[in-house]
2 protein chains.
Amino acid sequence: VVAFSSGNHAQGVALAAQLLGIPAVIIMPADAPLVKLDATRGYGAEIRLYDRTRDDREAIAAEIAQSRGATVVPAFDDEHIIAGQGTVGLELVQDTEALGVALDLAVFPVGGGGLIAGASTAIKALSPATEVWGVEPELFDDTRRSLEAGERVAVSPARRSLCDALESPSPGRLTFPVIQRNVAGVVAASDPEVAEAMRYAYATLKLVVEPGGAVALAALLAGRFELRDRTVAIVLSGGNVDPSLFAQVIERRL
Amino acid sequence: VVAFSSGNHAQGVALAAQLLGIPAVIIMPADAPLVKLDATRGYGAEIRLYDRTRDDREAIAAEIAQSRGATVVPAFDDEHIIAGQGTVGLELVQDTEALGVALDLAVFPVGGGGLIAGASTAIKALSPATEVWGVEPELFDDTRRSLEAGERVAVSPARRSLCDALESPSPGRLTFPVIQRNVAGVVAASDPEVAEAMRYAYATLKLVVEPGGAVALAALLAGRFELRDRTVAIVLSGGNVDPSLFAQVIERRL
């Protein structure tokens, strides 16, 4: 299989390939967090680095797929991937049912939109009254803009976000209509808000959360949602963060 | 209530007092981790600092208890505290039963011995075949030495351990006979092994674990237990670690 990913999808595909005993080539940005590169390599995958600003990762993937007869596993714009992400929504509904409470609000990090498209589909099927919201990094608020415009629009920020996992320039062709149908809205979280959420997870939840995984918590802590008397689920979608960055965040050097 | 503690028991007592609406005075070492001081204060307790090398914290507690008519809640050498810690053992047995597996080995951090005394009592009652081991910091291996000697002995190391939560000089009067009866043995973990365990928890488990909370994991990763074909439970008993120390550990500056 061939996949391209900033890191978390990369690890998932590499592990799945290892478990199935098939070779995997993962196309990752050269400036991806070292922990993501190491972990992907640790699952036995071959890594091809690309330049985020110059190279076309989809073209590289297509070329490798053709020359090796491999299948491309996209990071989000794929029915199977979306369905797989749906299990997160399924588990949220099951867990709140087991607790005997109604799930009023569920909040998800949004990059290309695979997670929120899949999870919201499961939630809306099982618990139609649950409101689903997405959160993007401030600079990569393409899904929020697309929802406003009523069509997919792309952003091209001049600088990087703290959230390496969520730097998708536009929602997916498949994910966007699902998001339009299921999601009440998408808000943005700034880098300082994301850092504050990582510190909260560190100090209070005792969890290591990477920037992209912390956007939903960041928006919640920043007061962007009505919480009073509501049962709220937020998803922390990754904990792969280089020690140097994590140290900067918790020591408030960032 | 009055309690003395390096920090984790302090928070427990402070929170319990807050929930019950009664005042709490906590006697803590002046060099306790800031996060533990802040958290204890955050639960509404009054904090009295003492000098670890000079003051007698038990005497301070007795004096406050007498002058205010308060009850002393000891950190480990107390039947109710030991019984409360027993719920950890109870939950471990219940959780492994729910998974349909037999618990072969359970490993606990050991300071004054309250946690392992309580937990091992519950485990031995419900699952007599489970082996229980303890782990101490290398410099504070008073329980290991006491088991060897067949009686309580005290240590007086020349320097501090990384594990601020486990610097008890000797096992408790009540905890020691329980440990003698229930525990297969106690081993030690060095500061570098503890740091390595904290990095493992950070990178792989995505958990923030404080030094004293990581000793059981440290001993396990250092190969001190036979793991092959066995179901093993280890307890990570705290995550209150100052950001500056956590940063040093994950960046390998320590």
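Reminder, nothing fancy here: chain letters follow the sequence lines and each chain counts from 1.
There is no contact between D38(A) and chain B, counting heavy-atom distances below 4.5 Å. Neither the backbone nor the side chain of V249(A) comes within contact range of chain B; no heavy atoms are under 4.5 Å apart.
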Could you pull out every donor-acceptor pair under 3.5 Å between side chains of residues 81-103 of chain B and any protein atom, sequence neighbours left out?
residue	atom	partner	partner atom	Å
T87(B)	OG1	G84(B)	O	2.7
T96(B)	OG1	L92(B)	O	2.9
T96(B)	OG1	V93(B)	O	3.0

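Here P74(A) pairs with D78(A) under the side-chain contact (heavy atoms from CB on, under 4.5 Å) rule; sequence neighbours left out.
No other option in R199(B), E210(B), Q248(B), E251(B) has as many heavy-atom pairs under 4.5 Å with chain A as E251(B).
No close placement of the F4(B) and Y50(B) rings is indicated, their centers lying 6.0 Å or farther apart.
Q18(B) contributes a side-chain N or O that, together with a main-chain N or O of Y43(B), makes up a donor-acceptor pair within less than 3.5 Å.
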